[in-house]
Amino acid sequence: MKRDYPHLCKPIRIGRLTFRNRMCSAPMGATDITADGSPGPRTLGFYEARAKGGAACVTVSELVVHPDTDGSQMLHLSLANPGQLGAFAYVADAIKRHGAVASIELSHSGQYAGTYMVDKKSKGELCQWGPSDGVRPDGIPVKALAHEQIDDIVAAYADAAALAKRAGFQMCMVHAGHGWLINQFLSPWFNKRDDEYGGPLENRVRLARRVLEAVREACGPDFPIELRMSGSELFDGGYDVEEGVRIAQALEDCVDLLHVSAGSYQFGFSVTHPSMFREHGCNVHLAAEIKKHVSIPVACVGGLSDPEQMEAIVAGGDADICVMARGLLADPELPNKVMANRADEVVHCLRCFVCMAERPVTQTRRCAVNPRIGREFEGLEVVPAAASKRVLVAGGGIAGMVAARVAALRGHDVTLCEAAGHLGGILRAERALPFKLDMYRLGETYETLCRKAGVRIVLNQPVDAAFCDAFKPDALVVAVGSEPIALPIPVEEGARVVSIDELYLDGAEPGPEVAVIGGGLTGCECALQLARTGHAVHLVEMRDELAPDANIRHRPILLAELEGEDIDVLCGAAAQAVTSEGVRVRTAAGEERTVPCTTVVCAVGQRSRTELADSLRDGAPFVRIVGDALRPANITLAVYEAFHAALDV
């Protein structure tokens, strides 16, 4: 067959292994880990889904090689723990049986041990080891590793690799990027040693080289080694891409594949894991530069999920392989869809960090657009229903579309009615925000998925009790969404107040000076976009902090973006009234002042269409209310509720 993306679909040899395409699954932390560091059944299902979805290689992350100096709640592998080797063998088998190469990441966090531990007290009690004595930016002391400890760690890498090979893994990745231990030795910022491991580059690469040589000796020439490195640390005092090239050249004879990432944990989380405020593939240029100077295959990573972009990367010679993490969380079937010329069905990652925020909070996985993440062992397939039913879905936002599609895939006769003349619901507003365009496109993708699943879509058709009586559905999913809350303060005649919908959907021009009332996630994003489009912006929030409804990974990145703009932020300021001169506010100290503006944007939240939803509770034998119609929350809950409502029909 003729492939739409021939370069992305072309096999490649890595050592003596053949990757079936150029799309690989990056290391992503396990979803359930036992007390002794073994992968649990959900972890097996998690990695198997990426293999079944068509990825050429699936890398399990992170196997801590030396727990004595890197105590953390990550994977360990030792023959001293009964059953542990078998647990890893089951994971390797689950990956390989679907045609993917099973790889495992060997890691040591160095002075960032315990980064992903939920128990912060235990994390603080860990001894942090690194190349040099010092103090971390967060005040935690670091001790320099002694030569004997370094020797033990090198041997531990070799032992872990040999055990992984024994368990059935076909290759391994040595993690030497992102500020972890080997990167700390490579970095002139972290490494202040004056012995054979510090100073000039030939000394700073010594640990990496010793580790790679030890792994090669332990596993033999037929066991490919992938080196994950930061092409540049991307902060003052760290190494730049020119030195990244020299590091790659110094180590390429020890490895079979160079995996070029970027940044360092302490100084660039949103660089290493590109946020929605960065371009997709923003770190690919580092891989492209290194590829010019080495003779082995190079992989790139960083906010990739668009098949067209990845095809251009491989076709243009910037990298040989495209590696995805969050892109394969959002849609594990992405490689299969690309291989089958079904790229229009790919559900793209929103780069919202729901996935990464969930791990330190609950030690699980969750994805805003994929309700099966971390729950794959419960079943990857949408199972056909025992009997086809007549299903009515009221509302064509994301919750309604998810419910309609899943119900149709189960074999039901599904009709989706939307009161407006278009699908997408609240997602349509995101088109006004360039950094949330992926969220807008999610609505377009789900409309395609609904139509391909056979959902009957009826626009400009509101659903009420009378409509249900006439339609006679066997099941009704109510996804009628929410509406903006009106500004709950007096507005003087002649003063101009617009809602988020009027601003984003109707194209209301706010004028040169704007006050945004409401400093939640929506208000912060609005203020950011207005500032970036040349408006003078005041952001008024009655609480003491901004964006408390943002997740713990996205929030600091959003706040940093706000700080980078000239925005007048007033926290602890309750809006009292809108006048022709601006917004009158009262501060926490009881002082009153007027915030000058020509237009006020109301961003105080959403209200469920409760009355409409309640009127439909008797619309069918089975009724489920989902998403914002139940209570305004976020896209994650809307998708989860809708997905499971359709499974319950």
Side-chain angles (χ1 to χ4, degrees), residues 268-271 274-280 282 303 350-353 426-440 484-485 487 489 495-551 553-575 578-585 587 593-606 634:
F269 177 86
S270 67
V271 174
S275 74
M276 64 176 64
F277 302 109
R278 296 179 178 272
E279 294 294 326
H280 287 280
C282 59
L350 306 181
R351 297 191 293 173
C352 60
F353 289 124
I426 204 169
L427 295 183
R428 295 184 62 250
E430 309 296 3
R431 188 175 191 176
L433 303 172
F435 49 88
K436 297 189 78 174
L437 191 58
D438 288 330
M439 194 169 288
Y440 167 76
I485 296 173
L487 200 58
I489 58 175
R496 186 165 184 244
V497 177
V498 300
S499 69
I500 288 289
D501 283 359
E502 289 171 322
L503 185 67
Y504 291 171
L505 297 176
D506 301 335
E509 174 50 52
E513 190 167 17
V514 186
V516 178
I517 299 181
L521 179 60
T522 299
C524 288
E525 291 172 343
C526 178
L528 180 63
Q529 180 60 18
L530 287 170
R532 289 181 171 179
T533 50
H535 301 275
V537 182
H538 308 274
L539 180 57
V540 180
E541 169 54 46
M542 65 186 299
R543 293 167 293 191
D544 294 331
E545 59 181 5
L546 295 177
D549 51 336
N551 69 60
R553 288 295 193 187
H554 179 66
R555 183 172 181 268
I557 297 169
L558 172 62
L559 295 182
E561 294 292 326
L562 287 169
E563 289 174 5
E565 302 292 340
D566 186 17
I567 298 173
D568 176 32
V569 176
L570 292 88
C571 287
V578 179
T579 72
S580 58
E581 296 180 349
V583 182
R584 191 169 71 247
V585 303
T587 68
R593 57 168 287 195
T594 295
V595 178
C597 64
T598 54
T599 303
V600 170
V601 176
C602 177
V604 297
Q606 297 285 120
N634 52 50

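In what follows, every heavy atom counts, from backbone to side chain, and hydrogens, waters and symmetry copies are set aside. Keep in mind that this is a model prediction, so the values were computed, not measured.
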Residue pair Leu487, Val578: steps toward the side-chain contact (heavy atoms from CB on, under 4.5 Å) verdict = CA-CA 9 Å; Leu487 200 58; Val578 179; 3.6 Å; yes

Dump the intermediate steps for side-chain contact (heavy atoms from CB on, under 4.5 Å) on Leu433 and Tyr504, then the final yes or no.
-> CA-CA 8 Å; Leu433 303 172; Tyr504 291 171; 3.6 Å; yes

Mind running side-chain contact (heavy atoms from CB on, under 4.5 Å) on Asp438 and His280 for me, showing each step along the way?
-> CA-CA 11 Å; Asp438 288 330; His280 287 280; 2.8 Å; yes

So Met542 and Val585, side-chain contact (heavy atoms from CB on, under 4.5 Å) or not? Walk me through it.
-> CA-CA 9 Å; Met542 65 186 299; Val585 303; over 6 Å; no

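The CD1 atom of Ile517 sits 7.5 Å away from the SG atom of Cys597 when rounded to the nearest 0.5 Å. Between the SG atom in Cys352 and the CE atom in Met439 there is a gap of 6.0 Å [rounded to 0.5 Å]. We find the CG-CD1 distance between Leu562 and Ile557 to be 12.5 Å, quoted to the nearest 0.5 Å.
With sequence neighbours left out, Arg543 forms a salt bridge (charged side-chain N to carboxylate O under 4.0 Å, His left out) with Glu541. Glu565 pairs by the salt bridge (charged side-chain N to carboxylate O under 4.0 Å, His left out) definition with Arg532, not counting sequence neighbours. Partners of Glu279 under the salt bridge (charged side-chain N to carboxylate O under 4.0 Å, His left out) rule, at least two apart in sequence or in another chain, do not exist in this structure. Scored by the side-chain hydrogen bond (donor to acceptor under 3.5 Å, both in side chains) test, Asp549 finds no partners at all (sequence neighbours excluded). Scored by the salt bridge (charged side-chain N to carboxylate O under 4.0 Å, His left out) test, Arg428 finds no partners at all (sequence neighbours excluded).
A distance-only check finds no donor-acceptor pair linking the side chain of Asp506 to the backbone of Ala508 [under 3.5 Å]. A donor-acceptor pair under 3.5 Å is absent between the side-chain atoms of Arg351 and the main chain of Gly303, judged by distance alone. Panel note: side chain Ser499, backbone Cys602; no donor-acceptor pair is recorded below 3.5 Å. Looking only at distances, a side-chain donor or acceptor of Arg555 sits under 3.5 Å from a matching main-chain atom of Ala547.
Side-chain atoms of Ile426 and Gln606, non-hydrogen and from C-beta on, do get closer than 4.5 Å to each other. Looking at heavy atoms from C-beta onward, Arg278 lies in side-chain contact with Val271 at the 4.5 angstrom threshold. Residues Val601 and Ile500 meet the side-chain proximity criterion, which asks for heavy atoms closer than 4.5 Å. Between His554 and Leu521 there is a side-chain heavy-atom pair separated by less than 4.5 Å.
Within a 6.0 Å sphere centred on CZ of Arg496, heavy atoms belonging to other residues, nucleotides or ligands number more than 12. Around atom CG of Asp566, no more than 12 heavy atoms belonging to other residues, nucleotides or ligands sit under 6.0 Å away.
Between Phe353 and Phe269, the gap from one ring centroid to the other is short of 6.0 Å.
Applying the side-chain hydrogen bond (donor to acceptor under 3.5 Å, both in side chains) test to residues at least two apart or on different chains, the pairs with a partner in residues 514-531 are Lys436-Glu525.
Only one option out of Leu546, Val569, Val516 pairs with Cys524 in a side-chain contact (heavy atoms from CB on, under 4.5 Å); it is Leu546.
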